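To start, the structure under review is shown below, and the notes come after it.
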Number of protein chains: 2
Amino acid sequence: MGVTKTQNFTATQNKVASYAKALAHPARVAIIEYLVKNQTCICGDLVEELPLAQATVSQHLKELKQVGIIKGEIEGTSVCYCLDEKGWGEAREMLLQVLNAALPDKRCC
Amino acid sequence: MGVTKTQNFTATQNKVASYAKALAHPARVAIIEYLVKNQTCICGDLVEELPLAQATVSQHLKELKQVGIIKGEIEGTSVCYCLDEKGWGEAREMLLQVLNAALPDKRCC
DNA sequence: TAGATATATCGCAATATTACGATAATAACT
DNA sequence: AGTTATTATCGTAATATTGCGATATATCTA
């Protein structure tokens with residue numbers, strides 16, 4: 001039904017999934033990478049950087065903002081986006097926990 | 001258009017995104033966690049474990065298999081799934097690279 | 001071979017995502 | 001107040017995802 005049965009999974013599983021979803025599009029990966037590289041927090045140079053229309057970039061930024069891993073600060077006519085210390089930290093921790101729970105050298109079958 | 005402009009992003013960005021997408025659903029997170037916990041690689045006890053119909057579980061397993069992070073081995077009438085050493089390793093590396101590129105204590109704005 | 005068991009696949013419905021043009025909203029400047 | 005620049009939101013179209021019943025497929029056992 002395209003509707004995820006969220007309520008039947010744990011809060012942690014849902015959080016991990018939503019943080020992963022934030023990274024589940026190359027444009028959003030590119031945005032994160034750009035914010036990481038240009039520590040000087042960047043606004044809508046992203047629109048120039050990305051091969052997408054301004055409306056689309058804005059939408060991706062909104063999604064990242066909604067899960068809490070980036071934040072925006074109005075600065076004159078433009079907006080300065082950057083990683084949100086708290087949200088990005090939690091996203092990192094939760095994803096790292098899953099990724100590090102299993103090393104790739106564990107055998108099976 | 002629901003169609004991602006994949007060709008306009010780097011191969012790395014697309015790979016990161018597709019690995020993240022594999023973790024972007026609580027059921028798939030649960031599957032990974034289950035495979036990690038029960039090192040003895042598990043088949044369709046997952047169907048009993050997850051609050052989803054057999055067809056749906058099978059579909060999620062297929063997605064994980066397609067990105068290469070799990071593999072299945074036929075064992076009698078059932079199938080034994082487990083993390084794929086190579087694929088899971090690459091997924092880990094690529095996601096860790098993004099996650100570790102920025103520590104949460106970096107200031108901005 | 002016939003049944004039982006376990007998975008995979010098909011087909012469909014409901015909802016979500018991606019993308020963009022058009023337009024609104026906000027803030028600076030004149 | 002009017003203009004310009006920047007970003008957000010709306011509306012819409014195309015496609016993807018999620019979920020499941022029904023059915024197919026494959027393997028074991030009697």
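Just so you know, these numbers come straight off a predicted model, no measurement behind them.
- Note that the CD1 atom of B/Ile69 and the CD1 atom of B/Ile31 stand 9.5 Å from one another [nearest 0.5 Å].
- Scored by the side-chain hydrogen bond (donor to acceptor under 3.5 Å, both in side chains) test, A/Gln13 finds A/Thr10, B/Glu33 as partners (sequence neighbours excluded).
- Atom P of nucleotide C/dT7 and atom CD1 of B/Ile70 are separated by 13 Å, given to the nearest angstrom.
- Look at A/Lys21 and you'll find a side-chain N or O under 4.0 angstrom from OP1 or OP2 of C/dT17.
- Here A/Thr77 pairs with nothing under the side chain to side chain contact (heavy atoms under 4.5 Å, CB included) rule; sequence neighbours left out.
- Side-chain nitrogen and oxygen atoms of B/His60 include none within less than 4.0 Å of the OP1 or OP2 phosphate oxygen of D/dT17.
- Summarising the geometry, the separation between CD on B/Glu73 and P on C/dA8 is reported as 13 Å, rounded to the nearest angstrom.
- Identified under the salt bridge (Lys or Arg N to Asp or Glu O under 4.0 Å) test for residues 50-61 of chain A, with sequence neighbours left out: none.
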Which parts of nucleotides 1-10 of chain D does protein reach within less than 4.0 Å, heavy atoms only, written one letter per nucleotide 5' to 3' as B for base, S for sugar-phosphate only and - for none? -----BBBB-
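- The 5' end of DNA chain D is approached more closely, in terms of each residue's nearest nucleotide, by B/Glu63 than by the other of B/Ile74 and B/Glu63.
- The NE2-P distance, from A/His25 to C/dA16, rounds to 18 Å in whole Å.
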Check: residues 89-100 of chain A side-chain donor-acceptor pairs under 3.5 Å, at least two apart:
from     : atom 1 : to       : atom 2 : distance (Å)
A/Glu90  : OE2    : A/Lys15  : NZ     : 2.8
A/Glu90  : OE2    : A/Tyr19  : OH     : 2.9
A/Arg92  : NE     : B/Leu99  : O      : 2.7
A/Arg92  : NH2    : B/Asn100 : OD1    : 2.8
A/Asn100 : OD1    : B/Arg92  : NH2    : 2.7
A/Asn100 : ND2    : A/Leu96  : O      : 3.4

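- Evaluation of the side-chain hydrogen bond (donor to acceptor under 3.5 Å, both in side chains) rule for A/Lys65 yields A/Tyr81 as partners, not counting sequence neighbours.
- Atom C1' of nucleotide C/dA16 and atom CD of A/Gln66 are separated by 13 Å, given to the nearest angstrom.
- Pairs of residues two or more places apart, or lying in two chains, that qualify as side chain to side chain donor-acceptor pair (under 3.5 Å) and include a residue from residues 45-61 of chain B are B/Arg28-B/His60.
- Atoms NE2 and CG, on A/His25 and A/Leu64 in that order, are 11.0 Å from each other to the nearest 0.5 Å.
- Scanning residues 6-15 of chain B for heavy-atom distances under 4.0 Å to DNA chain D yields an empty list.
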